[in-house]
Amino acid sequence: MKRPFEVDPDEYPFKDHYMPYRDGSIHYIDEGSGPTILLLHGNPTWSYLYRNVVKELRGEYRLIAPDYPGFGMSKAPSRYGFTPQEHSEAIEEFIRRLNLKDFVLVVQDWGGPIGMGYAVQHRESLRGLVVMNTWAWPAELLPMKLFSLVMGGWPLGYWLQTRRNFFAKVIVPQGIHHTENVTAALRKAYTDPFPTPASRVPTWVFPRQIRKARSWLAGIEARLPGLADLPAHILWGTKDSAGFPPEAMAKWQGILPLNETEVLDDASHYVQEDRPDRVAATIRSVIERTTKSLITR
C-alpha cells in the first residue's frame with residue numbers, strides 16, 4: 001500500500017504494516033523479536049513518535065506501534081467519531097488479531113486512557129507498564145479543563161485545529177523541551193498527516209473529549225486498582241505545561257504501587273522526543289524486573 005505522505009527514511013526506516021479495520025485500516029510498525037512492547041501515542045502524534053526508541057531496542061525486543069484511525073498513516077472507517085472510546089476499541093481489536101500476550105504496555109498523553117481502557121479489562125495480557133505524562137480519570141485540574149474548553153471548544157478550538165492545524169504546528173513543537181530536536185523533518189512528519197481541514201477533525205475531538213468522556217474515564221478509574229500488582233515504571237517530564245504536573249505523577253504512584261519512578265527535569269510533554277534514551281532504558285528496566293520475577297516464582 002502506498003504511503004499517504006512521505007517521511008524521512010533515515011528518521012523512520014521501518015516497514016509499513018496495515019491491518020484492515022472495518023472499511024478502513026490501522027497502520028503499524030512491527031520491528032524486532034523477543035519480549036513484546038506495545039507503544040501507544042497521543043494527540044496529534046503517531047508511531048513516528050517512538051521511532052528513536054524502536055531503533056534502539058529492535059535488536060532486543062519486538063516493538064509494535066500502531067497509529068489510531070485518523071492519525072499517522074491509518075485510515076478511519078466510515079462513521080468513525082475519533083473518540084478515545086473508539087480508539088480503545090480499535091486497539092483492543094488490534095491486540096486480539098495480532099494475538100499479543102504477556103506484553104509491556106507503554107503509554108503517554110491520550111495513550112494512557114486508550115491503553116488503560118484495554119488494560120483494566122485484560123490484566124492477564126500484560127507483563128508490565130510504562131507510564132509517561134498521562135492520565136486515566138476525569139480531569140480534575142483547572143488547567144486541563146481550560147485546555148479542553150479552549151482547544152476542544154466551538155468555534156475557536158474547532159477553527160484552530162481544522163483551519164490552522166494548531167496541534168501539529170504549534171502544540172507539538174511547544175511540547176518539546178529540547179528545541180534543537182524540533183527540526184524541519186520533525187515538523188513535516190507531524191503536520192503532513194493532516195493536509196485538509198476534514199483530516200484535522202480528530203485533533204479537535206481529543207481535547208474536546210477531556211470533558212465529554214468523563215463517564216468513560218470514570219469507568220476506567222474505578223477499575224485501575226486491578227492493575228496494582230503490575231510492575232510499572234513512571235517516567236515524567238517536569239517541563240510539561242499541558243496539565244500533567246507532579247500531582248498527576250503522584251496519583252499514578254498511588255495506583256501502581258510496584259512502580260519505579262524517574263523524574264526528568266529536561267523533558268516536556270513529548271518525553272519520547274526529548275529523552276528517547278530514557279524511554280528505552282525504562283522499557284529495558286521493566287523487562288528485566290519482570291524476567292527476574294518469573295525466574296524466582
Participant: Quick check: closest heavy atoms across Glu86 and Arg79, and the distance to 0.1 Å?
Facilitator: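 Closest heavy-atom pair between Glu86 and Arg79: OE2-O, 4.2 Å.
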Participant: If Ile, Leu, Val, Met, Phe, Trp and Tyr residues are connected whenever their side-chain heavy atoms lie under 4.5 Å apart, and connections chain through other members, are Leu141 and Trp135 in the same group?
Facilitator: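 No, separate clusters.
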Participant: Could you report the tightest heavy-atom contact between Val172 and Tyr270, atom names first, then the distance?
Facilitator: CA-CE1, 3.7 Å
Participant: Verify whether one side chain among His27 and Asp67 offers a donor that lies under 3.5 Å from an acceptor in the other.
Facilitator: yes
Participant: So, the side chain of Ser285 versus the backbone of Ala281: is there a donor-acceptor pair under 3.5 Å, distance only?
Facilitator: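 Here the side-chain-to-backbone pair does not exist.
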Participant: Could you give me the CA-CA distance, side-chain angles and deciding distance for Tyr28 and Asp16, then say whether side chain to side chain contact (heavy atoms under 4.5 Å, CB included) is met?
Facilitator: CA-CA 6 Å; Tyr28 64 102; Asp16 298 317; over 6 Å; no
Participant: Return the minimal non-hydrogen interatomic distance between Asn259 and Gln253, and the atom names on each side.
Facilitator: ND2-O, 3.4 Å
Participant: Will you find, in the side chains of Glu288 and Thr291, an N or O donor that is under 3.5 Å from an N or O acceptor?
Facilitator: no
Participant: Does Gly237 offer a backbone N or O that forms a donor-acceptor pair with the side chain of Asn133 under 3.5 Å?
Facilitator: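 At least one qualifying donor-acceptor pair exists.
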Participant: Measure the acute angle between the ring planes of Phe71 and His87, then classify it against the limits of 30° and 60° as parallel, tilted or perpendicular.
Facilitator: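 Aromatic pair Phe71/His87 classed perpendicular.
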Participant: Is it the case that the side chains of Ser125 and Tyr118 hold a donor-acceptor pair, with the cut-off being a distance below 3.5 Å and no angle test?
Facilitator: yes
Participant: Against Val279, only a single residue in Asp277, Ile283, Thr282 fulfils side chain to side chain contact (heavy atoms under 4.5 Å, CB included); can you say which?
Facilitator: Ile283
Participant: Carefully, step by step, assess Glu260 and Arg289 under the rule salt bridge (Lys or Arg N to Asp or Glu O under 4.0 Å).
Facilitator: CA-CA 10 Å; Glu260 293 181 353; Arg289 286 171 60 197; 3.8 Å; yes
Participant: Look up atom CZ in Phe14 and atom CD1 in Ile29, then write down how far apart they are to the nearest 0.5 Å.
Facilitator: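 So the CZ of Phe14 and the CD1 of Ile29 are separated by 4.5 Å.
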Participant: For residues 31-42, please give each side-chain donor-acceptor pair under 3.5 Å, one per line with the distance, not counting sequence neighbours.
Facilitator:
from  : atom 1 : to    : atom 2 : distance (Å)
Glu31 : OE1    : Arg58 : NH1    : 3.0
Glu31 : OE2    : Lys15 : N      : 3.4
His41 : ND1    : Thr45 : O      : 3.0
His41 : NE2    : Tyr68 : N      : 3.2

Participant: Nearest 0.5 angstrom please: Ile234 CD1 to Trp252 CH2, how far?
Facilitator: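 Interatomic distance, Ile234 CD1 to Trp252 CH2, rounded to 0.5 Å: 8.0 Å.
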Participant: As a quick check of understanding, evaluate side chain to side chain contact (heavy atoms under 4.5 Å, CB included) for Leu256 and Leu129, giving each step before the final call.
Facilitator: CA-CA 9 Å; Leu256 303 169; Leu129 291 169; 3.8 Å; yes
Participant: Is it the case that the side chain of Asp8 and the backbone of Asp10 share a donor-acceptor pair, with hydrogens and angles ignored and the cut-off at 3.5 Å?
Facilitator: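 Yes; at least one donor-acceptor contact below 3.5 Å.
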Participant: For residues 144-151, please give each side-chain donor-acceptor pair under 3.5 Å, one per line with the distance, not counting sequence neighbours.
Facilitator:
from   : atom 1 : to     : atom 2 : distance (Å)
Ser148 : OG     : Pro207 : O      : 2.6
Ser148 : OG     : Arg211 : NE     : 2.8

Participant: For a quick check under 3.5 Å, do Tyr50 and Gln272 share a side-chain donor-acceptor pair by atom type?
Facilitator: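 Distance-only check passes for Tyr50 and Gln272.
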Participant: Less than 6.0 Å separating the ring centroids of His122 and Phe103?
Facilitator: no
Participant: How long is the straight-line distance from CD of Glu93 back to CZ of Arg96, given to the nearest 0.5 Å?
Facilitator: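 Here the rounded value is 4.0 Å.
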Participant: What pair of heavy atoms forms the shortest contact from Pro69 to Ser74, and how long is it?
Facilitator: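 Heavy atoms of Pro69 and Ser74 come nearest at CA-CB, 3.9 Å.
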Participant: If you count heavy atoms of other groups shown closer than 6.0 angstrom to CZ of Arg163, is the number above 12?
Facilitator: no
Participant: To the nearest 0.5 Å, tell me how far Ile26 CD1 sits from Tyr21 OH.
Facilitator: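 That separation rounds to 6.0 Å.
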Participant: What closest approach, in Å, do Gly254 and Pro257 show between heavy atoms, and which atom pair accounts for it?
Facilitator: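 So the two residues come closest at O-CD, 4.0 Å.
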Participant: Taking only Lys NZ, Arg NE, NH1 and NH2, and the carboxylate oxygens of Asp or Glu, determine whether Arg284 and Glu60 approach each other closer than 4.0 Å.
Facilitator: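 Yes, Arg284 and Glu60 are salt-bridged.
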Participant: For Arg200 and Thr162: C-alpha separation, side-chain torsions, deciding distance, then whether side-chain hydrogen bond (donor to acceptor under 3.5 Å, both in side chains) applies.
Facilitator: CA-CA 5 Å; Arg200 299 167 192 158; Thr162 63; over 6 Å; no
Participant: Using a 6.0 Å cut-off, check whether atom NZ of Lys212 has over 12 heavy atoms from anything other than its own residue.
Facilitator: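 Not buried by this count: 12 neighbours or fewer within 6.0 Å.
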Participant: Less than 4.0 angstrom from a charged side-chain N to a carboxylate O is my criterion; do Asp265 and Lys239 meet it?
Facilitator: no
Participant: Less than 4.5 Å apart, any side-chain heavy atom of Met1 and any of Met73?
Facilitator: no
Participant: Is Arg51 close enough and on-axis enough to Tyr48, meaning under 6.0 Å and within 45°, for cation-pi?
Facilitator: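 Verdict for Tyr48: a cation-pi partner in Arg51.
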Participant: Pairs of donor and acceptor atoms involving the side chains of residues 219-231, under 3.5 Å and at least two apart or interchain, shall be tabulated with distances.
Facilitator:
from   : atom 1 : to     : atom 2 : distance (Å)
Glu221 : OE2    : Lys251 : NZ     : 2.9
Arg223 : NH2    : Val120 : O      : 3.2
Asp229 : OD1    : Arg123 : NE     : 3.0
Asp229 : OD2    : Arg123 : NH2    : 3.2

Participant: Are Trp204 and Trp159, when compared by the centres of their aromatic rings, separated by less than 6.0 Å?
Facilitator: no
Participant: Where the side chain of Gln121 meets the backbone of Gly117, is there a donor-acceptor pair that is under 3.5 Å apart?
Facilitator: yes
Participant: Decide yes or no on side chain to side chain contact (heavy atoms under 4.5 Å, CB included) for Lys101 and Arg127, but give the supporting numbers first.
Facilitator: CA-CA 8 Å; Lys101 297 176 182 177; Arg127 176 172 180 161; over 6 Å; no
Participant: Does Asp274 use its side chain to pair, donor to acceptor, with the backbone of His178 at less than 3.5 Å?
Facilitator: yes
Participant: Please assess Asp23 against Ser78 for the test side-chain hydrogen bond (donor to acceptor under 3.5 Å, both in side chains), listing each intermediate value before the final yes or no.
Facilitator: CA-CA 7 Å; Asp23 61 342; Ser78 303; 2.4 Å; yes
Participant: Can any side-chain N or O of Asp192 pair as donor or acceptor with the backbone N or O of Phe5 at less than 3.5 Å?
Facilitator: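 Checked: no pair found.
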Participant: Indicate, with yes or no, if Val106 and Leu258 share a hydrophobic cluster defined by side-chain heavy-atom contacts under 4.5 Å among Ile, Leu, Val, Met, Phe, Trp and Tyr.
Facilitator: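 No, no single cluster joins them.
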Participant: Return the minimal non-hydrogen interatomic distance between Phe82 and Ala76, and the atom names on each side.
Facilitator: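 Heavy atoms of Phe82 and Ala76 come nearest at CE2-CB, 3.5 Å.
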Participant: Could you check whether Arg275 pairs with Asp266 (Lys NZ or Arg NE/NH1/NH2 to Asp/Glu carboxylate O, under 4.0 Å)?
Facilitator: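 Salt bridge: yes.
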Participant: Would Tyr61 and Val104 satisfy side chain to side chain contact (heavy atoms under 4.5 Å, CB included), going step by step from the backbone distance to the final call?
Facilitator: CA-CA 11 Å; Tyr61 312 122; Val104 173; over 6 Å; no
Participant: Same cluster or not: Phe244 versus Leu142, using hydrophobic residues (I, L, V, M, F, W, Y) connected whenever any side-chain heavy atoms lie under 4.5 Å apart?
Facilitator: no
Participant: Would you say Ile95 and Leu98 are hydrophobically clustered, going by side-chain heavy atoms of ILVMFWY under 4.5 Å?
Facilitator: yes
Participant: Would you compute the distance between atom CG of Asn43 and atom CD of Gln161 and round it to the nearest 0.5 angstrom?
Facilitator: 7.5 Å
Participant: Check the angle between the aromatic planes of Trp46 and Tyr12 and answer parallel, tilted or perpendicular using the 30° and 60° thresholds.
Facilitator: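 Taking Tyr12 first and then Trp46, their aromatic rings sit tilted (interplane angle of 30° to 60°).
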Participant: Atom CG in Leu63, atom CG in Asp30: separation rounded to 0.5 Å?
Facilitator: 9.0 Å
Participant: Which label fits Phe206 and Trp110: parallel for a plane angle under 30°, tilted from 30 to 60°, or perpendicular past 60°?
Facilitator: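 Taking Trp110 first and then Phe206, their aromatic rings lie parallel (interplane angle under 30°).
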Participant: Hey, is the main chain of Pro276 close enough, under 3.5 Å, to the side chain of Asn52 for a donor-acceptor pair?
Facilitator: no
Participant: Is the closest side-chain heavy-atom distance between Arg62 and Ile64 below 4.5 Å?
Facilitator: yes
